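Taking it in order: structure first as structure tokens, then the write-up.
Values in this document were obtained by computation on a predicted structure and should not be read as measured data. Throughout, numbering of the chain's residues begins at 1 and tracks the sequence.
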Amino acid sequence: MDLTTRVIEGSGLSIPIFDGAHNNGKGRYLLEPEIIKNSLLEQMFKPEELQSLLLVKIDNRSPDANHLRTRNFADGTSRRLTFSSGNSYYFADDELRTKIRCLFATEPDTACRYGSLLVSNCYKGSDTLENLRVKIVDFNDLEYAHYKTGDCHGKISPQLARQLGGEQNCPFQFRFAWRKQWAEGNEENCPRVSFLSKGTLLPNARLTDAESYDIIMDRSSIKGIKKARLDELVPCGDYEFPQAAMGNRGNARATSYDNSWQFTIWYSEDAVRQDLKQPTEEKARVLADLQQNPLALARYIVQEYDKEQQRRQERSEEEVEDLDGNANSQVQESRWISLLRSDKYGQLVETPKFRKFATDYVAGRWRDLAIKSGYSHSSGMAMPSDDLPRGTVCVPHLPEGDVVLTRYPIVNSDNIRLYRNSHDSELKKTRNVIWINPRDAEEYHQADFDGDQLMVSPASKLPNIVKETLRAGEPGRFEAVKQRPKLAYSEVATDGGLKYQNLAQIAATANQNKVGLVATNIGRVRSSMPGEGENVERFERRQRKLLNRLFQALQVEVDSPKSAERLEDIMVSRPINVEIVDGSLC
């Protein structure tokens with residue numbers, strides 16, 4: 001059986017797929033390969049080196065590490081798990097596995113925590129670059145303050161940015177790979193170890209070209225190297241890369257975001273009704289008209305699907321999916337999109353199956369209006385500026401004045417803050433971004449600068465909600481929620497030794513989280529009311545105490561793709577049990 005991974009000109013990598021969960025783990029081979037476009041992996045290796053690569057899929061609802069065991073496959077080749085990306089697990093023979101695993105030599109579990117960087121679709125293009133001049137700095141070190149980097153943020157030569165599909169005065173999300181084998185006898189000027197890196201880069205000729213650098217890379221962007229060994233293995237300084245693989249995952253965009261119940265539950269019914277009624281009624285009228293015109297509805301469904309796919313491309317990999325979404329309905333919708341695109345004369349709209357699909361689709365949109373409202377927030381890619389006073393942001397695409405700013409997932413009302421939008425003469429030249437003081441970003445929004453998207457709305461559009469929103473700098477209503485230090489899976493210990501004994505166990509766990517469960521419980525507890533005759537003060541104390549614990553749990557689960565810590569680890573002594581009876585907290 002031919003299980004060869006191939007590089008298809010103009011299409012990318014074509015990788016055979018094996019269903020490792022089928023028939024109680026005996027498995028089966030799927031007919032259609034996975035196509036991965038514009039990846040670092042394709043740039044890093046010759047086509048013949050990648051031939052043994054195989055994609056294994058297992059049940060993502062209940063992943064079994066045994067289904068990721070080493071196997072002898074139908075082509076006679078023994079393959080082992082090499083890295084993972086979400087619910088995709090990549091196997092390779094020993095030769096290729098050894099080459100890839102060099103990227104994760106000092107922290108092996110990062111092959112699961114950051115394996116996605118190898119196969120990310122760099123939508124704007126990827127390339128193999130030669131003779132790069134790179135300055136590696138540390139934003140925490142005042143010696144490098146004038147480079148104006150930040151947590152996972154750096155600068156790039158405008159010419160190199162254009163080569164990678166970048167745009168003028170616009171940052172982009174980058175992916176970068178270095179293999180120490182590329183040093184070619186020039187070891188003195190090259191990093192001593194292989195690594196991957198990710199984050200954002202802003203074109204800036206003054207900081208790059210004028211100082212003879214192609215890239216100013218902040219060391220926080222480097223992944224696959226244990227932090228404690230960065231000073232030893234990649235000290236700050238000037239480097240020459242004879243060769244490197246690099247990609248542009250997406251240029252910054254001022255994307256529109258649907259409102260969510262995560263936002264509205266923190267405001268009074270009157271404020272929500274007064275500010276969100278008009279946009280909701282407008283969308284309701286459009287939806288009602290579409291129900292009367294099946295052909296127009298079919299076109300609308302296709303257009304909305306295309307918009308959502310574009311939004312997904314523009315979002316970072318770490319961004320939490322819409323907690324109101326339904327995976328099964330999304331799969332069914334994608335099947336119908338293919339049919340509707342081919343239906344040039346509108347014949348499908350008269351069929352009973354389309355009428356059933358359209359009825360369900362419209363019902364879902366009415367549900368969305370009821371839960372989310374019809375309001376949409378603007379957004380921008382977060383950019384760091386220590387020059388901005390705390391409480392002030394620069395959002396060039398919105399008018400100056402007060403703005404309401406937050407980031408999904410919203411932990412609580414302390415994450416929604418009022419800022420003054422001021423158009424700084426230099427910062428306003430950058431497009432599709434939100435410049436923010438890094439301390440505000442961390443304290444109020446648990447954000448860094450690797451592509452995080454901040455949601456923003458002019459205060460004038462939400463006048464009643466603004467009255468109930470804390471201004472940045474005001475004391476919070478709840479206990480502070482902070483990002484916790486990332487915990488490596490390879491370091492989690494139990495009384496019996498290490499919790500995870502091999503990469504398969506780590507991979508099966510890494511993509512599992514309870515973000516939706518915890519967020520839903522926050523909504524339920526927040527919306528609960530005291531029972532008849534119940535002591536109101538006692539109820540509110542219990543409610544606040546439970547909410548504070550849930551907030552901490554949500555931050556842990558949001559961080560779970562990059563950290564081994566889980567809800568159970570921080571709640572082991574006091575498990576969270578939430579039960580709501582007739583709206584009352586039990």
Side-chain angles (χ1 to χ4, degrees), residues 120-125 148-175 198-205 207-208 216 221 247-259 306-319 375-385 387-388 392-408 419-438 440-441 445 447-459 461:
S120 297
N121 189 332
C122 296
Y123 295 101
K124 298 301 180 180
K148 299 184 182 298
T149 62
D151 192 352
C152 294
H153 172 71
K155 311 299 180 187
I156 187 171
S157 160
Q159 180 179 352
L160 181 56
R162 286 193 296 271
Q163 184 177 337
L164 292 166
E167 299 173 357
Q168 186 176 7
N169 296 328
C170 183
F172 65 90
Q173 289 187 62
F174 78 93
R175 302 291 182 260
K198 55 165 282 191
T200 56
L201 294 172
L202 177 65
N204 186 311
L207 293 174
T208 56
I216 310 294
S221 294
N248 176 353
R249 182 161 171 80
N251 298 316
R253 289 288 177 266
T255 310
S256 174
Y257 275 70
D258 289 341
N259 187 51
D306 289 342
K307 289 179 184 177
E308 177 58 27
Q309 295 310 301
Q310 181 63 32
R311 282 193 290 265
R312 286 177 183 272
Q313 288 186 16
E314 293 168 354
R315 293 175 185 172
S316 68
E317 290 164 322
E318 288 73 23
E319 201 165 333
Y375 185 79
S376 294
H377 302 267
S378 182
S379 73
M381 182 182 284
M383 288 284 108
S385 176
D387 296 332
L388 281 174
T392 298
V393 294
C394 178
V395 190
H397 59 276
L398 292 183
E400 289 190 301
D402 282 350
V403 293
V404 178
L405 190 145
T406 189
R407 172 176 173 254
Y408 285 148
Y419 290 85
R420 183 173 65 88
N421 179 22
S422 176
H423 286 181
D424 178 270
S425 58
E426 284 300 317
L427 300 182
K428 71 178 182 180
K429 297 175 183 178
T430 313
R431 298 184 295 113
N432 303 326
V433 301
I434 297 176
W435 291 97
I436 186 171
N437 187 294
D440 283 339
H445 311 295
D448 56 23
F449 304 100
D450 65 354
D452 287 355
Q453 199 81 355
L454 299 176
M455 294 192 329
V456 62
S457 288
K461 289 190 174 183

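- Ion pairing between a basic and an acidic side chain is recognised when a charged N comes within 4.0 Å of a carboxylate O; E167 and R253 show such pairing.
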Atom pairs and distances, donor-acceptor, side-chain atoms in residues 156-166, under 3.5 Å, two or more places apart:
{"unit_1": "S157", "atom_1": "OG", "unit_2": "Q159", "atom_2": "N", "d": "3.3"}
{"unit_1": "S157", "atom_1": "OG", "unit_2": "D209", "atom_2": "OD1", "d": "2.9"}
{"unit_1": "Q163", "atom_1": "NE2", "unit_2": "D127", "atom_2": "OD2", "d": "3.4"}

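- Residues C394 and D424 share a closest heavy-atom pair of SG-N, 3.8 Å.
- Here the options are T392, V393, V395, L427, the test is side chain to side chain contact (heavy atoms under 4.5 Å, CB included), and the partner is S422; only T392 passes.
- Closest approach of L388 to N437, counting heavy atoms only: O-ND2, 2.9 Å.
- Relative ring orientation between H445 and Y419 is described as tilted, the plane-to-plane angle lying within the 30° to 60° band.
- Although no hydrogens or angles enter the test, the distance criterion places no donor-acceptor pair under 3.5 Å between the side chain of D450 and the main chain of C152.
- Results of the salt bridge (charged side-chain N to carboxylate O under 4.0 Å, His left out) test with R407 over D452, D440, D448 single out D452 as the only residue that passes.
- Pairing each heavy atom of G247 with each of F172, the nearest pair is O-CE1, 4.5 Å.
- Looking at every heavy atom in both residues, H153 comes nearest to L202 through CE1-CB, 3.8 Å.
- A donor-acceptor contact shorter than 3.5 Å is absent between the side chain of K198 and the backbone of G451.
- Although no hydrogens or angles enter the test, the distance criterion places no donor-acceptor pair under 3.5 Å between the side chain of T255 and the main chain of S379.
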